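Keep in mind that what you see is a predicted model, and the values were worked out from it rather than measured. Chain naming here is simple, since letters A, B, ... match the order of the sequence lines and numbering starts at 1 in each.
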Amino acid sequence: MDFIVEAVIKAVKDLYQTDIAAKDVNLQETRKEFEGQVTIVTFPYTKVSRKGPEQTGAEIGEHLKNYLPQIAAFNVVKGFLNLSVTDAYWLNELHTNILTDDFAIAKANGHRVMVEYSSPNTNKPLHLGHIRNNLLGFSLAEILAAAGYDVIKANLVNDRGIHICKSMVAWREFGQGETPQSSGLKGDHLAGKYYVWFDKAYKQQIQELIEQGQAEDEAKKNAPLMKEAQQMLVQWENNDPEVIDLWKTMNGWVYEGFDVTYKTLGVSFDKYYYESNTYLLGKDIVEEGLVKGVFFKKEDGSVWIDLTEDGLDQKLVLRADGTSVYITQDLGTAQLKYDDYQMDESIYVVGNEQDYHFKVLFLILQKLGKSWAQGLYHLSYGMVDLPSGKMKSREGTVVDADDLMADMFDTAKKQTEEMGKVDGFSEEDKTKLYHTIGMGALKYFLLKVDPKKRLLFDPNESVDFQGHTGPFIQYTHARIKSVLSRAAYTPESSTNNVAELDGIERDLIVGLTKFPVIIAEAATNHSPAVIANYVYELAKTYNKFYHEKSILQAEEERLKQFRLQLSAASAKVISRGMALLGIAVPERM
RNA sequence: GGUCCCAUAGCUCAGCUGGAUAGAGCAACUGAUUUCUAAUCAGUAGGUCUCAGGUUCGAAUCCUGAUGGGAUCACCA
């Protein structure tokens, strides 16, 4: 639509002798109730035209119609100039753009971006909140790749620390040698089980100590289990062979479990970072900051940065004993990532509870003069809430990722069987289909809302399969594929053979042409929801077309061919759009 | 208490850097299948865009304040 923008600029110059910038041309889609496809808001030009909005619109419209062969007609309603673009233009778009293999595949833009997501703790299994994180991260990586970026998907695994030791201590105390093999329990769930055990037993010990007369704070510190965990952490840092061995074993179980979950979710990573390798990083950056005078040292030896001028607080970056805090490692890890990949942008997919942390982190790196700091971005997404409130691992109010995915599979199976849609499917095909639909419903449900917003999930209400859902879009795709296969349609058979379009056909082409713009928008906004809502709109438009127009029984052969082309193009965009969300679409359902 | 985020139909959400009479889905009601998949389509009903000011040709959108909800303010991560 750039040609229209340029023509408007020229029109304003010719008519009113004024130069305007491209961004001052406000193009929008024409509303359904008016004639045309593209609308220009003419209010802003009334100042230079010194005429009313209607007259200004009429003059610009006349000018455009004279200069642009693609403009068939125009009409003016108040300050809105509605343009009807010729059918020849839309048909040309379909054949020379939409139907080509490289449609909506952006050329490499020469920019490299890292998307860090997932970043689990290895002491418990993944839950619904992690699912949102993983889906957002994976989808965003796909979108950025489609927009022309060179993308690295990174996972920073939190595999060390006191919480990991808690699971280990509990297992050593109560585990009696349980392994995933011996109990049949998935490795990450096994670790999680002992993490919960630790917490239970620990609370009991605290209670006992309080009953013996200790203050609560005191009791929390003195509980034998906590002492044991802390001692284990020291041993771990000292490379105690037995502890390291146990740590490796249990983490190994957890990774096996995570691999299964990741596989079912359909996410993947190009690069793993482990905190056990990075937790000591950052100390040299602290040193650098002291030399540059960005940080200062207090009498006790602790190192701080004063961010009060930026509206934030003073922040500790190194403890008095010289050990790292969270932000120390993150400073070091940020440098490590940059040294590894020299990316232009680095995106952290992390919940909005850490907004403050990332604000501070990025600000510090800027103050340290890191040239790459401006490319850092925190994709801050909202928490997933249950009707009962926030999920809490230790209180068992979490929606487990594996359970949820299994439920989705079962629901998909039940619904599909009820509709009797799987006659002639092999068992293998059925399993694959139920997985595709179940995950499609779940993924779409989570990705269709703006990442920034918090999300309400009711485990008692199953995720819908009708209406604004993943299965609706998947169904539309399957339906198209069914028609195409009945017609034995092949892409080679496509040549232009109609001259004019009907309303719904034109709407469909207009919708298809938007795909590349939508991808770019999703990329700049870091929002898979943009894609999700677009694909839904497109599927709706197609379904309307499907009902209004007969394809296989079209009045004429050339019309049939054209509608098949339009269908094939729709299937392609739906499929690609869903792929950007990490959602597969079935050939039949 | 300081800082940050959020508030649109009964419910879940769209609404791009300000533009036409604020849109979908679910739930409710009505209709469509001798014809390409009815997980679909067409229609009815449902709104003080939390409230009060301000900016201007024009505000759900931008600014200020209030109210309600959430997060965060650890020598935890």
Hey, does Lys560(A) reach any base, or is it just sugar-phosphate, or nothing, if we go heavy atoms under 4.0 Å?
nothing
Glu521(A): partners by salt bridge (Lys or Arg N to Asp or Glu O under 4.0 Å), with sequence neighbours left out:
none
Closest to the Asn26(A) side chain, choosing from A20(B), G19(B), U37(B):
G19(B)
Of all the choices, A14(B), A20(B), C36(B), which nucleotide is nearest to the side chain of Ser550(A) once you look at every atom?
C36(B)
Who pairs with Thr122(A) by side-chain hydrogen bond (donor to acceptor under 3.5 Å, both in side chains), at least two apart in sequence or on another chain?
Asn251(A)
Roughly how far apart, to the nearest Å, are G58(B) and A20(B) at atom C1'?
11 Å
Could you work out, with ring pair (Phe, Tyr, Trp, His ring centres under 6.0 Å) as the rule, every residue matching His435(A), not counting sequence neighbours?
none
Spell out, as yes or no, whether a donor-acceptor pair under 3.5 Å connects the side chain of Ser567(A) to the backbone of Ile480(A).
no
Could you check how far CD1 of Ile473(A) sits from P of C41(B), rounded to whole Å?
11 Å
Please find the pair of heavy atoms, one from Pro44(A) and one from Val41(A), that lie closest to each other, and give the distance.
CD-O, 3.5 Å
Taking Watson-Crick and G-U wobble contacts under 3.5 angstrom, with | marking pairs to another strand and [ ] crossing pairs, the secondary structure of RNA chain B is written (((((((..((((.....[...)))).(((((.......))))).....(((((..]....))))))))))))....
Would Gln561(A) and Gln565(A) count as a side chain to side chain donor-acceptor pair (under 3.5 Å) here? Give the steps.
CA-CA 6 Å; Gln561(A) 284 308 316; Gln565(A) 290 159 0; 5.1 Å; no
To the nearest angstrom, how far is Leu363(A) atom CG from U3(B) atom P?
17 Å
Can you see if the side chain of Ser482(A) gets near the phosphate of U37(B) - specifically, an N or O under 4.0 Å from OP1 or OP2?
yes
In whole angstroms, the gap separating C1' of U12(B) from CZ of Phe465(A) amounts to 16 Å
Base, sugar-phosphate or nothing for Arg588(A)? Non-hydrogen atoms, less than 4.0 Å.
base
Quick tally for nucleotides 21-26 of chain B: nucleotides whose base has a protein heavy atom under 4.0 Å get B, sugar-phosphate-only ones S, the rest -, giving S-SSSS
Consider the side chain of Val483(A), meaning its heavy atoms from C-beta on, and name the nucleotide among C36(B), G69(B), A39(B) that approaches it most closely.
C36(B)
Using heavy-atom distances to pick each residue's nearest nucleotide on RNA chain B, tell me which of Arg479(A) and Val530(A) is more 5'.
Val530(A)
From the options A20(B), U40(B), A39(B), select the nucleotide whose nearest atom is closest to the side chain of Thr30(A).
A20(B)
Phosphate OP1/OP2 of A7(B) contacted by Arg454(A) side-chain N/O (<4.0 Å)
no
I need the CZ-C1' distance between Phe425(A) and U37(B), as an integer number of Å.
11 Å
What is the distance from atom CD1 of Ile574(A) to atom CZ of Arg479(A), rounded to the nearest 0.5 Å?
11.0 Å
How would you label the contact of Ala487(A) with the nucleic acid (heavy atoms, under 4.0 Å): base, sugar-phosphate, or nothing?
nothing
What integer number of Å spans the P atoms of A42(B) and U50(B)?
29 Å
With sequence neighbours excluded, residues passing salt bridge (Lys or Arg N to Asp or Glu O under 4.0 Å) with Lys549(A)
Asp502(A)
Return a single string for nucleotides 71-77 of chain B, one symbol per nucleotide in 5' to 3' order, where B is base contact, S is sugar-phosphate-only contact and - is none, cutoff 4.0 angstrom on heavy atoms.
SSS-BSB
If you find the nucleotide of RNA chain B closest to His547(A) and the one closest to Glu521(A), which residue's nucleotide is nearer the 5' end?
Glu521(A)
Set of ring pair (Phe, Tyr, Trp, His ring centres under 6.0 Å) partners for Tyr542(A), sequence neighbours left out:
Phe545(A)
Does Lys298(A) make a cation-pi contact with Trp304(A), if we ask for NZ or CZ under 6.0 Å from the ring centre and within 45° of the axis?
yes
Using a 4.0 Å cut-off on heavy atoms, which residues in residues 36-46 of chain A reach RNA chain B? List them by number, or say none.
Thr39(A), Val41(A), Phe43(A), Pro44(A)
Once you round it to whole Å, what is the distance between P of C6(B) and CG of Asp450(A)?
9 Å
Calculate the interatomic distance between His477(A) atom NE2 and A39(B) atom P; express it in whole Å.
17 Å
Lys421(A) atom NZ is separated from U33(B) atom P, nearest whole Å, by 17 Å
With sequence neighbours left out, what residues match Ser167(A) under side-chain hydrogen bond (donor to acceptor under 3.5 Å, both in side chains)?
none
Exercise: identify the closest heavy-atom pair between Val350(A) and His378(A):
O-NE2, 2.8 Å
Using OP1 and OP2 only, check whether a side-chain N or O of Lys481(A) sits under 4.0 Å from U37(B).
no
Value in whole Å for how far the P atom of C5(B) lies from NZ of Lys452(A)
11 Å
For Tyr348(A), ring pair (Phe, Tyr, Trp, His ring centres under 6.0 Å) partners two or more places apart
Phe358(A), Phe362(A)
Check every strand shown and say whether Asn82(A) touches a base, only sugar-phosphate, or nothing at a heavy-atom separation below 4.0 Å.
base
In terms of the angle between their ring planes, are His130(A) and His127(A) parallel, tilted or perpendicular, with boundaries placed at 30° and 60°?
tilted
For residues 311-329 of chain A, which side-chain donor-acceptor pairs fall under 3.5 Å, sequence neighbours excluded?
from	atom 1	to	atom 2	distance (Å)
Asp313(A)	OD2	Tyr356(A)	OH	3.1
Arg319(A)	NH1	Thr323(A)	OG1	3.0
Arg319(A)	NH1	Ser324(A)	O	2.8
Asp321(A)	OD1	Thr323(A)	N	2.9
Asp321(A)	OD1	Thr323(A)	OG1	2.6
Asp321(A)	OD2	Thr323(A)	OG1	3.4
Ser324(A)	OG	Tyr279(A)	O	3.4
Tyr326(A)	OH	Gln354(A)	OE1	2.6
Thr328(A)	OG1	Val317(A)	O	2.5
Thr328(A)	OG1	Val325(A)	N	2.9
Thr328(A)	OG1	Val325(A)	O	3.1

Ignoring hydrogens and angles, answer whether the base of U40(B) and the side-chain atoms of Lys544(A) contain a donor-acceptor pair closer than 3.5 Å.
no
Can any side-chain N or O of Tyr444(A) pair as donor or acceptor with the backbone N or O of Ile583(A) at less than 3.5 Å?
no
Looking across every strand, which nucleic acid part, if any, lies under 4.0 Å from Lys453(A) by heavy atom: base, sugar-phosphate, or nothing?
sugar-phosphate
